[in-house]
Amino acid sequence: MIPNPTIALLIFSILVLLIYLGIKTRVWNRRTKAQRLKAQVEDVLKQLYHVQHSNKKATLNAMAGALKMSDSKLVYLLEHMAGLNLIRLKGQHIYLTESGTDYALKIIRVHRLWEKYLSEETGIDKSEWHQRAEMMEHNLTADQADELYRSLGSPRFDPHGDPIPMKSGEIIESSATPLSGIHPGKYVRITHIEDEPEVIYKQIINEKLHIDQQLKVLSCDDNKTRFLSEGIEYELSTIVASNISVKELNDEESFEAQAVRLSTLKEGEKAKVVGISKECRGANRRRLLDLGFIKGTTIETGLDGPMEEPKAYRIKNTLIALRNDQADLILIEKIAS
Amino acid sequence: MKEVKETPMEACESCAFYNAAQLKKLGVNVENADFVVALAGNPNTGKSTVFNALTGLRQHTGNWAGKTVTRAEGGFSYNEKRYKLIDLPGTYSLLSTSEDEEVARNFILFGRPDVTVIVADASRLERNLNLVLQVLEITDKAVLCLNLMDEAKRHGISIDDRTLAKDLGIPVVVTSARSGEGIPELIKVIAQVASGEIVCKPHKIKNLNSKVSEAVEELSSKLLKAYPGLPNSRWVAMRLLDGDQRILSALKEGELVA
Amino acid sequence: MSDQNNQIDDIISFASSLRWKVGDDFHDKLTEAIYSDAAVITSRVETKGDDEKSYHFDRLLDRILTSRRFGFLIMALILSVILWLTIQGANYPSSMLNTLLLELIYPTLKSVSASIGLPWWLDGFLFDGVYMAVAWVIAVMLPPMAIFFPLFTLLEDFGYLPRVAFNLDGLFKKSGAHGKQALTMSMGWGCNAAGVVATRIIDSPRERLIAIITNNFSLCNGRWPTQILIATIFIGALVPSGLSGTISTLAVIAIAFLGIVFMFLTSWLLSRTMLKGEVSTFTLELPPYRPPRFWKTIYTSLIDRTIIVLWRAIIFAAPAGAVIWLISNIDIGSTSVASHAIEFLDPFGILIGLNGVILLAYVVAIPANEIVIPTVLMLTVAHFNITGFGAGDGVMFELDSVSETENILKTGGWTLLTGINLMLFSLLHNPCSTTIFTIYKETKSWKWTSVATILPVVFGVVVCFLIAQCWRLLF
């Protein structure tokens with residue numbers, strides 16, 4: 001009656017393994033062959049658009065490398081696409097046709113809208129936005145994208161600072177320069193953080209750098225860029241810095257040289273709120289605003305708490321507890337007491 | 001489980017209310033009431049104490065934000081008129097579109113209560129005015145109940161309630177609901193606002209920068225042209241500019257105008 | 001109509017183009033404007049005195065209650081006092097209710113029904129089934145809840161609970177949860193349904209769902225008696241009789257602690273998998289301390305929490321009593337439905353170190369954990385034809401004597417393994433139907449209700465299975 005325990009455990013382990021493999025490979029939503037082809041075509045279009053956009057010419061080898069695709073596979077795809085009048089092949093080079101450009105912009109629109117959606121309306125971590133948008137861009141129809149666009153309140157930029165193409169295919173051109181090419185002493189604002197390649201993007205996230213952060217470039221050479229921002233001195237290798245685009249501050253903006261993060265406020269110190277970083281989005285941002293974290297408001301430390309976090313701050317005569325990652329996103333200017 | 005008195009939703013043909021249908025949709029039975037009064041306010045302002053003092057009910061809401069996610073209802077009579085009191089969830093704002101804020105916002109906007117009483121903590125007036133000013137953008141018929149006055153006094157804070165009433169354009173009643181102080185006055189003022197004896201001229205948000213306020217005005221006048229009766233066109237305009245989907249669909253469904 | 005539709009479309013597209021012009025930070029600008037209006041008005045009407053002195057007490061209290069040195073100590077102290085008051089204090093009213101409902105009213109009902117000549121099946125169905133289950137739930141559930149919840153509410157009204165959330169948030173954050181979950185978890189030790197309702201204080205969607213789904217890992221007061229009884233019989237017996245009391249108490253505490261471990265583990269898992277996409281925010285206001293008004297608080301918390309939860313439990317317990325009585329008294333062939341079901345469930349029960357009786361008891365006693373042990377005893381006596389105990393088929397009972405209970409269970413084939421696994425399964429199984437219903441009412445989602453229901457059972461079956469197999473491998 002009682003089964004052999006060894007056999008029972010063995011069967012159990014096999015079951016667990018099968019379930020694990022099933023989840024990992026997502027057996028339940030495999031794409032059909034036609035869907036895979038569509039996704040690959042769209043990936044090629046997008047890559048072509050990016051290459052042309054940066055005023056380069058697309059060659060077969062470079063494309064195959066960037067898309068991690070075998071040459072033969074790519075050739076097959078390109079022939080298919082030429083048949084659909086999406087691309088033109090001229091000598092060694094590949095060009096987008098007009099309808100190909102439109103198509104590519106549509107995909108980019110969905111991709112960036114989806115990233116915007118993920119950043120505003122969900123709790124998905126930002127390191128996952130890109131991957132998820134890569135999946136989603138092949139699934140949404142143009143109508144669904146419009147619906148999304150409206151429900152997000154007609155956004156102009158995605159959370160990385162990239163412009164979202166309009167339905168008509170119009171796209172805002174931004175005049176940003178890579179951080180690695182800025183002269184020392186200049187005041188700039190981060191306008192875009194490239195989310196590819198992932199390794200470098202993760203490194204930038206780990207440094208807690210984000211869109212709209214102001215910085216002062218201290219030094220810049222072939223290997224390293226050093227700059228000051230929010231009271232912290234950063235040092236990035238050129239390869240990382242070139243994935244961050246910046247713009248010089250315009251006349252209306254002034255460099256908040258005194259601005260530091262709320263998390264640096266020490267017991268007994270007082271400060272004025274300078275603002276909430278753009279990195280704090282959606283419901284989180286609205287909550288903090290409602291609680292009175294508004295430019296110019298006086299804030300002081302309240303309670304330290306028995307653990308590392310949260311810490312409570314006294315603002316408009318109320319004790320509000322914040323976690324460290326929140327306190328990192330609120331900029332203050334200390335008041336000398 | 002928060003409803004104190006659960007009343008079945010029945011048809012309400014005899015109601016004289018122009019907004020009876022809307023209220024019914026929000027689950028409020030107005031059959032036995034002459035006026036509907038909403039109770040709004042920040043968390044921790046003693047809102048439920050005010051509710052209990054007004055209705056004689058004993059509704060418990062702790063020292064927390066967002067405790068009453070569903071609404072509590074009660075009633076009282078004054079000068080032979082019957083008032084239905086709806087306790088809305090305590091919220092810091094009506095803009096963040098969290099669940100409890102949406103309940104409160106929808107009630108004031110779509111239910112169009114005859115009076116909205118806003119309970120504020122006298123010892124933390126500035127913080128509480130955030131909600132007060134938002135409510136005043138939605139409705140013209142409001143009363144500010146400046147509660148916890150005893151506590152404010154203990155902390156040496158005094159408030160010039162006459163100037164406050166003038167600045168806000170609505171009656172202000174000072175109360176200490178725990179001891180029942182000021183509650184009779186509050187009832188009287190509610191009755192006066194409900195009957196139209198007191199006409200409010202509520203404060204409208206001023207300090208918007210020019211670009212924003214121009215956009216608000218432009219959109220607001222366009223809304224007024226399409227819906228001449230819209231009482232809170234400025235607020236609707238602000239919500240549309242903020243991309244509020246609920247307001248957008250309300251506009252499409254025609255829920256905003258009677 | 002179409003004209004108006006056009007107008008609306010016009011307004012919407014106009015709004016969208018304006019929005020585009022104004023930029024993405026409209027919300028910021030608006031809030032800033034409102035607050036600056038507020039500041040202007042406040043400066044005109046408010047005069048502040050010397051406030052430092054009057055805040056002195058509040059601030060001192062805050063510093064002590066959240067200090068590194070005393071913060072946790074005070075929390076642990078207060079919690080132990082509350083639990084002690086609840087467990088000790090509930091004993092007397094519980095036994096009084098037990099005497100009243102089961103020893104006085106029940107026989108009276110039976111004799112009245114006999115004198116007016118009710119048919120046996122109606123008499124059995126009504127009094128042995130429905131009445132018995134309801135009486136049992138009231139006797140076990142009411143007293144601890146009537147003590148636990150008012151005490152909790154007093155602390156809440158005073159303003160202490162937000163400080164507890166503040167102290168513990170650092171710990172909960174590590175598993176992706178909100179500090180306020182410490183409070184809903186503690187409420188769960190009283191009653192899971194009440195704990196689930198209490199999650200309303202968590203205003204972040206993701207963390208609230210986590211708190212709801214993991215609340216079942218708080219050993220509720222319907223399960224404490226089961227744990228204590230089984231620990232006394234099986235764990236206490238392992239050591240010399242002088243130590244058995246201590247050891248069995250420790251075993252129960254270990255199970256409750258294991259519940260906390262599972263709560264953290266599940267929170268961590270959920271926040272990284274299924275709930276990853278839900279919005280997560282954190283805000284925690286620490287309100288000023290306010291002296292609670294004692295009697296009013298006691299009254300309202302009784303009305304608000306205790307009575308309502310109890311009412312729900314009764315509504316669910318009544319049909320369970322009926323079912324228990326029916327399956328024991330309806331025969332298919334020569335044996336009762338219950339016996340058929342036990343035979344059917346037995347192989348699976350044995351596989352996970354339990355038995356068919358226990359599984360059937362857990363199936364029919366979904367409405368209330370309180371009636372699991374009485375049901376187990378009744379089913380065992382009926383199924384194994386043990387004579388001399390209980391009042392007949394389908395009539396739940398409990399025995400004053402632990403050793404007699406032990407005899408019944410051992411005749412039913414129980415071993416130390418069965419005891420240990422029952423303790424684990426009592427911690428790790430689906431929430432009672434009152435709680436399931438409450439979860440549905442709070443989340444309004446079948447998906448999350450099913451997750452909250454099924455996940456703990458899966459944990460329970462897997463844990464019991466692994467322990468049973470390892471046990472058999474080793475001994």
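Convention: sequence-line order gives letters A, B, ...; per-chain numbering from 1.
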### Task
Please flag which part of C:Phe465 lies under 4.5 Å from any non-hydrogen atom of chain A: side chain, backbone, both or neither.
side chain
### Query
With chain C, which of A:Pro310, A:Gly305, A:Ala312 has the greatest number of heavy-atom pairs at distances under 4.5 Å?
A:Pro310
### Task
Just jot down the side chain to side chain contact (heavy atoms under 4.5 Å, CB included) partners of A:Glu128, sequence neighbours excluded, or say none.
A:Ile124, A:Arg132, C:Lys276
### Query
Counting only heavy atoms not in C:Phe344, do more than 12 sit closer than 6.0 Å to its CZ atom?
no
### Summary
Greatest number of non-hydrogen atom pairs under 4.5 angstrom with chain C, of A:Gly292, A:Gly282, A:Gly302, falls to A:Gly292
### Query
Side-chain contact, heavy-atom cut-off 4.5 Å: A:Asp146 with A:Arg109?
yes
### Message
If you count heavy-atom pairs within less than 4.5 Å of chain C, which of A:Asn324, A:Asp125, A:Asp290 leads?
### Response
A:Asp290
### Query
Using non-hydrogen atoms only, which part of C:Ile34 is less than 4.5 Å away from chain A: side chain, backbone, both, or neither?
neither
#### Entry: Contacting moiety of C:Arg63, where chain A heavy atoms sit under 4.5 Å
both
### Task
State yes or no: are the ring centers of C:Tyr289 and C:Tyr160 separated by less than 6.0 Å?
no
### Task
Just grab all the side chain to side chain donor-acceptor pair (under 3.5 Å) pairs involving residues 305-315 of chain A, residues at least two apart or on different chains.
A:Glu309-C:Lys173
### Task
Heavy-atom distances under 4.5 Å only: say whether C:Phe26 touches chain A with side chain, backbone, both or neither.
neither
### Task
For chain C, find which of A:Arg323, A:Arg287, A:Glu120 contributes the most heavy-atom pairs closer than 4.5 angstrom.
A:Arg323
### Message
I need the residue from A:Pro306, A:Ala321, A:Ala283 with the largest number of non-hydrogen atom pairs under 4.5 Å to chain C.
### Response
A:Pro306
### Query
Does any heavy atom of chain C fall under 4.5 Å from the side chain of A:Leu152, the backbone, both, or neither of them?
backbone
### Task
Side chain from CB out, backbone as N, CA, C, O: work out which of these in C:Glu278 comes under 4.5 Å of a heavy atom of chain A, or both, or neither.
backbone
### Query
Does C:Asn421 reach the side chain of C:Ile352, with side-chain heavy atoms less than 4.5 Å apart?
no
### Summary
Pair count under 4.5 Å, heavy atoms only, with chain A: among C:Arg69, C:Glu32, C:His27, C:Arg163, highest is C:His27
### Message
Could you walk me through whether C:Asp203 and C:Thr283 satisfy the side-chain hydrogen bond (donor to acceptor under 3.5 Å, both in side chains) test, starting with their C-alpha distance in whole Å, then the side-chain angles of each, then the deciding distance to 0.1 Å, before giving a yes or no?
### Response
CA-CA 8 Å; C:Asp203 55 8; C:Thr283 45; 3.2 Å; yes
### Task
Output the option from A:Asp304, A:Leu289, A:Leu322, A:Ile320 having the highest count of non-hydrogen pairs under 4.5 Å with chain C.
A:Leu289
### Message
Given heavy-atom pairs under 4.5 angstrom as the criterion, report whether the side chain, backbone, both or neither of C:Tyr35 touches chain A.
### Response
side chain
#### Entry: Residue C:Lys29 excluded, over 12 heavy atoms near NZ under 6.0 Å
yes
### Task
Give the C-alpha distance, both sets of side-chain angles, the deciding distance and a yes or no for side chain to side chain contact (heavy atoms under 4.5 Å, CB included) between C:Phe166 and C:Leu65.
CA-CA 10 Å; C:Phe166 175 69; C:Leu65 292 181; over 6 Å; no
### Message
Does any backbone or side-chain atom of A:Thr318 lie under 4.5 Å from a heavy atom of chain C? Answer side chain, backbone, both or neither.
### Response
side chain
### Query
Which answer fits C:Thr31, side chain, backbone, both or neither, if we ask what part of it has an atom under 4.5 Å from a heavy atom of chain A?
both
#### Entry: Flag, side chain of C:Arg206 to backbone of C:Leu275, donor-acceptor distance under 3.5 Å
yes
